Amino acid sequence: MKSDRLLSIMLLLQTHGQLPAGVLAERMEVSVRTIMRDVEALSAAGVPVYTTRGPQGGIALLPGFRTDVTGLTADEARALFVLLAGRAHADLGLGQAIGSALRKIMAALPAPHRPDADLTSRRILIDPARWRGRPSRPGADLAVLQQAVFTDRRLRLRYRHGRDNRVRSYTLDPYGLVSKADVWYLVADHRGEPQLFRADRTVSATVLDQPAQRRDGLELTGVWNTLRRRIDDIPAPVSVTVGVRREILARFLRIHEADLAPDAPRHADEGDSVEGDGGDPERQVVELRFRSLGAAEALLMFGADAEVLAPEELRQALARKAAEAATLYTHQP
């Protein structure tokens with residue numbers, strides 16, 4: 001609606017000062033001609049807005065045309081701008097509404113609080129959707145990572161990789177921090193390439209005196225979405241059928257939530273018993289998807305409480321591993 005757009009334009013000018021008409025048009029997703037008509041409408045309504053021509057020109061409000069929200073502390077203002085990932089709002093049909101609401105809040109904040117609130121919105125992101133694995137502690141160096149993020153400094157990181165447990169050193173240009181299902185990640189460039197680092201795998205972190213050298217035009221949200229898609233979009237081609245004892249079904253579903261097939265039951269009171277000679281009422285069939293047979297071998301942790309019914313190749317692999325473990329533990333060390 002035009003009234004919403006007029007208010008958004010006014011709030012953007014109130015927050016950022018002078019802005020080119022092209023920037024406003026891009027933010028509002030309209031033409032520059034429409035923006036100029038909106039400026040005329042604002043002026044006719046008594047809003048002290050004016051335009052200047054030339055390369056450094058743009059649209060601005062007269063100094064002093066501001067409103068403040070009183071009573072907010074600096075930390076309270078920052079807290080308002082620790083955002084959920086944009087997908088959560090989009091799922092609810094509120095993708096545009098959240099942007100409009102934050103512009104209004106930013107414009108109404110006391111002037112001294114605006115820079116910190118704006119920086120927080122660009123450096124901290126919360127993504128509630130869980131990846132594989134359990135929540136972990138943030139790590140002792142999370143405060144150091146925050147310092148690098150908020151001071152726009154490069155970071156020297158010694159990091160233990162999960163795939164081989166080796167510690168490697170990196171000099172990073174951080175974009176920000178993301179909390180995904182209670183696990184904190186550092187989003188940073190390493191030699192100009194985006195990478196993701198779990199905070200709880202940090203061995204040590206040191207903030208350097210050098211300013212962060214981020215790629216032009218990129219913010220945390222865009223880099224995070226690129227890295228997230230690399231993980232989320234990897235196909236899971238291996239279908240696995242498991243018969244799970246009902247006594248541990250709730251824990252099994254919780255641990256393998258990210259591996260469940262699209263139509264698999266998400267709760268312990270759903271599903272069918274294992275098919276066979278009369279079926280087994282003590283077990284429930286669960287359909288899973290894994291990226292490889294090797295990844296599916298993690299099911300061995302449940303022992304006899306979770307029996308792989310298919311594929312046969314995975315059953316044989318688990319049988320070999322179980323036999324190796326049995327041989328190992330039948331001998332005295």
Side-chain angles (χ1 to χ4, degrees), residues 1-45 47-63 65-67 77 80-109 111 113-127 149 152 173 175-176 178 187 189 192 194 212-229:
M1 295 177 60
K2 182 176 180 180
S3 59
D4 290 339
R5 191 171 68 244
L6 294 179
L7 179 58
S8 293
I9 291 172
M10 185 176 66
L11 293 174
L12 282 170
L13 296 176
Q14 195 167 298
T15 302
H16 299 285
Q18 180 174 290
L19 289 173
V23 172
L24 286 172
E26 183 179 356
R27 294 283 191 93
M28 297 296 102
E29 298 182 351
V30 296
S31 66
V32 171
R33 179 175 296 181
T34 297
I35 290 295
M36 299 310 297
R37 285 199 297 264
D38 289 344
V39 169
E40 293 178 2
L42 286 172
S43 180
V47 177
V49 62
Y50 66 94
T51 61
T52 56
R53 298 181 180 276
Q56 304 302 319
I59 301 168
L61 296 169
L62 289 177
F65 185 76
R66 295 185 180 277
T67 58
L80 289 172
F81 285 82
V82 176
L83 304 179
L84 290 172
R87 288 184 301 159
H89 298 100
D91 289 345
L92 297 173
L94 299 175
Q96 295 182 345
I98 187 64
S100 176
L102 290 175
R103 285 193 294 268
K104 295 174 184 177
I105 294 173
M106 179 68 78
L109 284 176
H113 298 343
R114 290 187 193 123
D116 283 346
D118 180 64
L119 184 62
T120 298
S121 72
R122 293 185 291 111
R123 295 289 185 267
I124 301 293
L125 189 66
I126 307 297
D127 188 335
V149 163
D152 291 328
D173 298 296
Y175 287 90
V178 176
V187 177
D189 275 353
Q213 300 176 13
R214 303 186 190 94
R215 287 166 289 156
D216 291 341
L218 291 179
E219 293 285 350
L220 171 63
T221 302
V223 181
W224 164 250
N225 284 335
T226 298
L227 294 170
R228 177 185 56 77
R229 284 195 297 268

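Note that the structure is predicted; figures quoted are calculated from it, not measured. We're numbering straight along the sequence, starting at 1.
Minimum heavy-atom separation, Leu220 to Tyr175: CB-O, 3.9 Å. Trp224 approaches Val187 most closely through the heavy-atom pair CE3-CG2, 4.0 Å. Considering all non-hydrogen atoms of both residues, Pro194 and Val223 come closest at CB-CG1, 3.7 Å.
Scored by the side-chain contact (heavy atoms from CB on, under 4.5 Å) test, Glu26 finds no partners at all (sequence neighbours excluded). For Ser43, the side chain to side chain donor-acceptor pair (under 3.5 Å) test picks out no residue, with sequence neighbours left out. Applying the salt bridge (Lys or Arg N to Asp or Glu O under 4.0 Å) test to Arg27 and every residue at least two apart in sequence or in another chain returns nothing. For the side-chain contact (heavy atoms from CB on, under 4.5 Å) test, residues two or more places apart in sequence or in another chain that qualify with Pro48 are Leu62, Phe65. In this structure Gln213 satisfies the side-chain contact (heavy atoms from CB on, under 4.5 Å) test together with Arg154, Asp173, sequence neighbours excluded. Scored by the side-chain contact (heavy atoms from CB on, under 4.5 Å) test, Val32 finds Ala21, Ala25, Met36 as partners (sequence neighbours excluded). The salt bridge (Lys or Arg N to Asp or Glu O under 4.0 Å) test applied to Glu40 returns no partner, not counting sequence neighbours.
For the pair Met28 and Asp38, the minimum side-chain heavy-atom distance is 4.5 Å or more. Under the 4.5 Å side-chain criterion, counting only non-hydrogen atoms from C-beta, Val39 is not in contact with Val47. Side-chain contact between Arg5 and Ile9: present, with at least one pair of heavy atoms (C-beta onward) separated by less than 4.5 Å.
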Report task. Check the pair Ile59, Ile35 against side chain to side chain contact (heavy atoms under 4.5 Å, CB included), reporting the backbone distance first and the verdict last. Result -> CA-CA 10 Å; Ile59 301 168; Ile35 290 295; 3.8 Å; yes

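Put simply, the side chain of Thr52 gets close to the backbone of Gly58: a donor and an acceptor are under 3.5 Å apart.
Identified under the salt bridge (Lys or Arg N to Asp or Glu O under 4.0 Å) test for residues 212-221, with sequence neighbours left out: Arg122-Glu219, Arg123-Glu219, Asp152-Arg214, Asp189-Arg215.
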